[in-house]
Amino acid sequence: MKLTEEEKAILEGREGRARQLALKNMVDYAKAMGAETLLDVDDVSIGLYSRLPSSIHAGQHFETYEDMCSYDYLATDEKVKFRQLKACRTVTNNAGVTKDWLEYCGIKEQELYDCTDELNQFYRDHHANNTGTCAPYLLGYVPQKGAHVVSAESSQVIFENSVLGARTNCEGDVAMMGAAIVGKIPNCGLHLSEKRLGTHLVKVKKIPSTLFQWDLMGYWIGKHVKIGIPVIEMDIESITFDEYKGFGAAMTTAGQVDLFHVIGHTPEAPDYNTAFGGNEPKDIFYYGAEEEKEIIDELNWAKEEQVDFVLLGCPHYSAFQIADVARYLNGRKCRGKLVIMTAPATAAQARINGDAQAIEEAGGFLTSCCPPMVATWPENIKVLATDSAKMAHYVPGTKDYKIHAGSTKQCVEAAVTGIWKEV
């Protein structure tokens with residue numbers, strides 16, 4: 001390893017035990033990846049789970065969040081005290097359970113509620129920007145092309161790599177929190193220009209017309225590319241953040257894909273030759289109506305018509321998507337449960353717009369919490385409907401719910417009528 005004088009000093013403990021351990025882990029990680037140097041990072045996204053229940057932590061019980069971070073994120077049995085995080089632009093993910101979600105699920109244990117206050121105070125004490133979202137780019141956290149950033153949230157990784165042109169690998173918890181503590185990450189993988197060139201070509205014959213169709217296309221591409229960097233060729237004038245958001249999340253869910261290029265649209269693909277860097281694609285795929293139906297049939301598999309629970313917002317909804325839900329509800333009441341996951345700041349904006357109130361008056365609920373992440377759900381759910389390919393993919397791995405997947409409008413109708421209708 002080629003370490004700077006600053007890094008050598010940190011390894012000697014001159015900036016405290018936490019940064020010393022974090023950097024030691026980074027050096028070990030870099031050696032395992034064949035990296036010779038470390039990068040300075042200022043932009044890090046972290047997501048800490050609640051310190052309770054112990055089932056989240058393989059039976060380990062933690063009295064404080066510093067104890068939890070020492071064990072889970074510094075990989076030590078020591079109880080290490082933390083300084084302010086060295087990464088100056090650190091934002092938080094939505095990994096932890098929230099008070100509003102505990103209340104919604106009817107959970108009474110006071111200690112779990114207290115833990116949410118403790119976690120929020122931990123973020124304040126360590127100067128983390130507590131955005132509480134898997135999509136911080138919707139709130140103005142927009143690292144620019146070429147910036148080296150760190151995230152463990154897969155949908156954020158693929159968005160920042162592809163849409164923004166920032167550089168990050170999909171990191172594990174130790175690297176994620178270590179980067180926040182010490183401001184370093186190994187210089188490897190997608191931090192390197194030569195590792196960011198396209199590997200597969202996808203020619204799109206059917207342009208998506210809804211956000212759910214973008215999800216379906218992303219899922220199909222991830223499933224068929226499997227491992228690589230797809231370059232997408234499509235005749236479209238522009239692509240919105242919301243379209244990119246679900247598209248990338250579905251792609252990285254179905255395959256080992258952390259970066260894609262859209263020719264003429266994404267920052268590193270102004271043309272075909274730049275996207276591939278002179279290389280030939282390993283394979284060429286064609287995406288059209290048949291391929292779209294393949295994924296609909298795979299994700300929308302419940303036979304039951306009755307829907308108990310509608311879950312929207314994976315990745316977190318934007319204010320525009322929340323407005324769509326309010327418009328689709330059109331003053332009607334929900335027969336089933338309707339939950340929308342979104343950032344606290346976005347929920348506040350939706351309240352300014354009046355959309356949050358319209359949804360709540362219909363019986364819907366807005367939260368930043370992600371039920372699969374915190375393994376906490378309301379009771380009496382048998383059939384779940386969602387407009388997210390990522391959610392449709394992951395929920396069956398955590399709960400034995402039957403799954404319907406479709407457009408936002410389909411899902412809202414299911415919440416109102418309690419019945420899933422195919423279109």
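Please read these numbers as outputs of a predicted model, since none were measured by experiment.
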Quick check on [X]: does its [atom1] atom have over 12 non-hydrogen neighbours (other residues, nucleotides or ligands) under 6.0 Å away?
X      : atom1 : result
Glu379 : CD    : no
Glu305 : CD    : no
Asp117 : CG    : yes
Lys409 : NZ    : no
Asp297 : CG    : yes

Is the ring centre of [X] less than 6.0 Å from the ring centre of [Y]?
X      : Y      : value
Tyr65  : Phe82  : no
Phe309 : Tyr401 : no
His57  : Tyr71  : no

Considering only NZ, NE, NH1 and NH2 on the basic side and carboxylate oxygens on the acidic side, decide whether [X] and [Y] come within less than 4.0 Å.
X      : Y      : value
Lys223 : Glu291 : no
Arg332 : Glu413 : yes
Lys184 : Asp40  : yes
Lys31  : Asp28  : no
Arg89  : Asp43  : yes
Lys382 : Glu304 : no

Under 3.5 Å: donor-acceptor pair, side chain of [X], backbone of [Y]:
X      : Y      : result
Thr274 : Pro270 : no
Thr133 : Asn93  : no
Thr92  : Thr131 : yes
Arg196 : Asn161 : yes
Thr342 : His316 : no
Thr376 : Val374 : yes
Asn120 : Thr116 : yes
His126 : Phe122 : yes
Thr252 : Asp258 : no
Gln410 : Lys421 : yes

Can you see which heavy atom on [X] is nearest to which on [Y], and at what distance?
X      : Y      : value
Val416 : Lys333 : CG1-O, 3.6 Å
Trp420 : Glu422 : NE1-OE2, 3.1 Å
Val44  : Tyr141 : N-OH, 3.6 Å
Ser70  : Val80  : OG-N, 2.9 Å
Ala269 : His261 : CB-CB, 3.6 Å
Ile322 : Tyr317 : N-CD2, 3.9 Å

- prompt: Given Ile181 and Leu74, is the side-chain contact (heavy atoms from CB on, under 4.5 Å) satisfied, shown in steps?
  reply: CA-CA 10 Å; Ile181 292 169; Leu74 286 178; 4.0 Å; yes
- request: Provide the full list of salt bridge (Lys or Arg N to Asp or Glu O under 4.0 Å) pairs with a residue in residues 128-155, sequence neighbours left out, each pair given once.
  value: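 Every pair satisfying salt bridge (Lys or Arg N to Asp or Glu O under 4.0 Å) with a residue in residues 128-155: Glu153-Lys390.
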- prompt: Given Leu38, which of Ile185, Leu23, Asn187 fulfils the side-chain contact (heavy atoms from CB on, under 4.5 Å) condition?
  reply: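 In the set Ile185, Leu23, Asn187, the residue that makes a side-chain contact (heavy atoms from CB on, under 4.5 Å) with Leu38 is Leu23.
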query: Testing Pro315, Ser154, Ser368 for side-chain contact (heavy atoms from CB on, under 4.5 Å) with Cys134, which one passes?
result: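 Filter result, single survivor: Pro315.
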query: Are Glu294 and His224 linked by a side-chain donor-acceptor pair shorter than 3.5 Å?
result: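 Yes, His224 and Glu294 have a side-chain donor paired with an acceptor closer than 3.5 Å.
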